[in-house]
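First comes the structure, then the notes that go with it.
Count residues from 1 along the sequence.
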Amino acid sequence: MIDHLLRRLRQSGTLSTAAELAIQKAIDRRVRLFGAREDLFHPGDLPETVWLVTAGIACRYHFLPNGQRQITGFLLPGDLFALRAPLGMPFDHHIRSITMLETLQLERASVAAFGEPASGIGEVLCRAMALQRAISREWVLNIGQRNAMERIAHLICELFKRLQTVGLTMENRCLLPLTQIDIAEAVALTPVHVNRMLMSMTRNGWLSFQRSVLQIREMARLAEVGAFDASYLDFGAASDPGPRVSPTFRASPRTPVTGESTTAPPP
């Protein structure tokens with residue numbers, strides 16, 4: 001059940017033997033299950049330990065005073081969350097399942113050893129924190145500087161790459177059970193606008209998205225449009241260099257897309 005986590009940690013470089021042994025020993029093998037669209041944590045909740053997603057998708061989100069929701073991150077299999085538990089810090093956001101969710105927890109005694117270099121747990125949690133920070137920075141850039149088409153293209157590339165890293169893709173396909181509302185709340189657009197962009201991408205032959213199955217037909221083009229460079233997902237925790245944009249991938253001209261049908265793409 002922790003294979004996804006180990007594969008994700010190894011992506012950023014050599015994972016020490018001590019860290020691998022520590023994380024395998026630290027996992028409490030009792031599975032915790034949650035239904036779809038169920039809140040796990042709220043702001044102010046104090047987590048007792050670190051959690052691991054083993055199956056399904058969850059998200060981090062904030063509510064605005066007007067009732068709107070902003071998704072600030074997706075949690076995929078192999079992702080750790082509640083990473084501030086060793087510091088005794090409460091959540092400042094909500095955690096919610098999007099699909100049926102399967103999770104494991106780290107033993108509290110192991111998490112308490114976070115600050116002991118010889119424990120190996122510190123390495124694991126630092127790498128997870130570094131990856132989370134890198135993704136968060138890229139999301140700020142995505143929403144702040146990219147247009148609608150670019151935002152969605154970048155998000156789709158990122159999610160596909162993260163699923164590919166843990167072995168949850170098959171060639172150019174993966175299961176991605178997100179609604180257009182989920183995508184809209186992650187890229188700060190309306191569902192109608194997301195619908196138009198996905199329809200345009202489908203007509204252009206870049207991808208298809210039917211019955212929660214994403215098939216990327218033109219990854220190079222999609223990455224070019226979204227200025228996506230996966231290097232921010234692949235670094236080691238020690239240096240934490242942050243996201244980089246490869247000169248190979250440049251954003252497409254900001255030409256507004258007009259005249260698309262508002263008919264929803266296949267579910």
Side-chain angles (χ1 to χ4, degrees), residues 11 57 59 68-74 76-77 98-99 134-234 243-267:
Q11 77 174 350
I57 299 178
C59 70
Q68 288 184 309
R69 187 177 71 160
Q70 176 67 48
I71 291 177
T72 58
F74 288 113
L76 308 179
I98 290 178
T99 65
I135 292 172
S136 294
R137 287 194 295 267
E138 193 69 17
W139 276 45
V140 171
L141 174 62
N142 204 37
I143 293 176
Q145 295 297 324
R146 296 185 178 119
N147 65 29
M149 182 73 78
E150 294 163 355
R151 293 181 200 181
I152 296 170
H154 191 280
L155 177 64
I156 289 173
C157 287
E158 178 191 289
L159 295 176
F160 186 87
K161 170 64 175 177
R162 289 169 62 189
L163 291 170
Q164 186 179 55
T165 297
V166 296
L168 292 178
T169 62
M170 181 176 292
E171 297 180 345
N172 64 342
R173 300 188 303 277
C174 68
L175 186 65
L176 190 65
L178 299 179
T179 67
Q180 292 181 15
I181 293 176
D182 295 327
I183 295 172
E185 292 178 343
V187 295
L189 299 169
T190 66
V192 170
H193 206 160
V194 169
N195 173 269
R196 290 173 178 169
M197 297 300 100
L198 289 175
M199 288 291 291
S200 180
M201 291 178 184
T202 300
R203 284 197 299 273
N204 288 336
W206 302 345
L207 58 78
S208 65
F209 199 3
Q210 299 181 353
R211 294 182 174 87
S212 298
V213 176
L214 170 67
Q215 181 174 14
I216 298 182
R217 302 180 186 277
E218 296 287 346
M219 174 57 86
R221 178 56 180 153
L222 203 63
E224 182 182 20
V225 169
F228 177 75
D229 174 9
S231 62
Y232 71 98
L233 300 173
D234 295 331
R244 294 172 293 166
V245 176
S246 166
T248 304
F249 293 144
R250 299 185 184 277
S252 60
R254 293 177 175 268
T255 303
V257 179
T258 59
E260 287 91 352
S261 168
T262 57
T263 304

**Study point:** Passing candidate, side-chain contact (heavy atoms from CB on, under 4.5 Å) with Glu185, options Arg69, Gln68, Gln70
**Key:** Arg69
Revision key, fill the gap. Ala186 and Ile143 have their tightest heavy-atom pair at O-CD1, 3.6 Å
Review point. Can you tell me how far CG of Leu189 sits from CG of Asn195, rounded to the nearest 0.5 angstrom?
Key: 12.0 Å
Practice item. Look up atom CD1 in Ile71 and atom CG in Leu178, then write down how far apart they are to the nearest 0.5 Å. Key: 7.5 Å
Exercise for review: Compare every heavy atom of Gly226 with every heavy atom of His154, then report the nearest pair and how far apart it is.
Suggested key: CD2-O, 3.2 Å
Practice item. Taking all non-hydrogen atoms of both residues into account, name the closest pair between Gly205 and Glu218 and its distance. Key: O-CG, 3.5 Å
Review point. Just wondering, do Val166 and Leu76 contact through their side chains at under 4.5 Å, heavy atoms?
Key: no
Practice item. Examine distances only and state if a side-chain atom of Thr202 and a backbone atom of Leu198 form a donor-acceptor pair shorter than 3.5 Å. Key: yes
Review point. Would you say the side-chain atoms of Asp234 and Ser231 include a donor-acceptor pair closer than 3.5 Å?
Key: no
**Study point:** Separation of Arg146 CZ from Asn142 CG (nearest 0.5 Å)
**Key:** 4.5 Å
Exercise for review: Output the distance between atom NE2 (His193) and atom CD1 (Ile183), rounded to the nearest 0.5 Å.
Suggested key: 13.5 Å
Review point. What is the minimum heavy-atom distance between Phe160 and Leu214, and which atoms define it?
Key: CD1-CD2, 4.4 Å
**Study point:** Closest contact, heavy atoms only, Ala184 versus Pro191
**Key:** CB-N, 3.7 Å
Review point. Looking at CD of Gln215 and CE of Met170, how far apart are the two atoms once the value is rounded to the nearest 0.5 Å?
Key: 12.0 Å
Practice item. For the residue pair Trp206 and Ile156, establish whether any side-chain heavy-atom pair is separated by less than 4.5 Å. Key: no
Exercise for review: Answer yes or no: is there a donor N or O on one side and an acceptor on the other, between the side chain of Asn147 and the main chain of Met149, under 3.5 Å?
Suggested key: yes
Practice item. State, yes or no, whether a side-chain contact exists between Asn204 and Ser200 at a heavy-atom distance under 4.5 Å. Key: yes
Check your understanding: For residues 155-167, which residue pairs qualify under side-chain hydrogen bond (donor to acceptor under 3.5 Å, both in side chains), counting only residues two or more places apart or in two chains?
Key -> Gln11-Thr165, Asp79-Arg162, Trp139-Glu158, Glu158-Arg162, Glu158-Tyr232
Point to revise | Residues in side-chain contact (heavy atoms from CB on, under 4.5 Å) contact with Glu171, at least two apart in sequence or another chain | key: Arg173
Review point. What's the shortest heavy-atom distance between Cys174 and Leu168, and which atoms?
Key: CB-O, 3.8 Å
**Study point:** Atom pair CG (Leu233) and CZ (Phe228), whose distance is rounded to the nearest 0.5 Å
**Key:** 5.5 Å
Study note, to complete from the structure: Across all chains, not counting sequence neighbours, the side-chain contact (heavy atoms from CB on, under 4.5 Å) partners of Pro177 are Ile57, Thr99, Leu175, Ser212
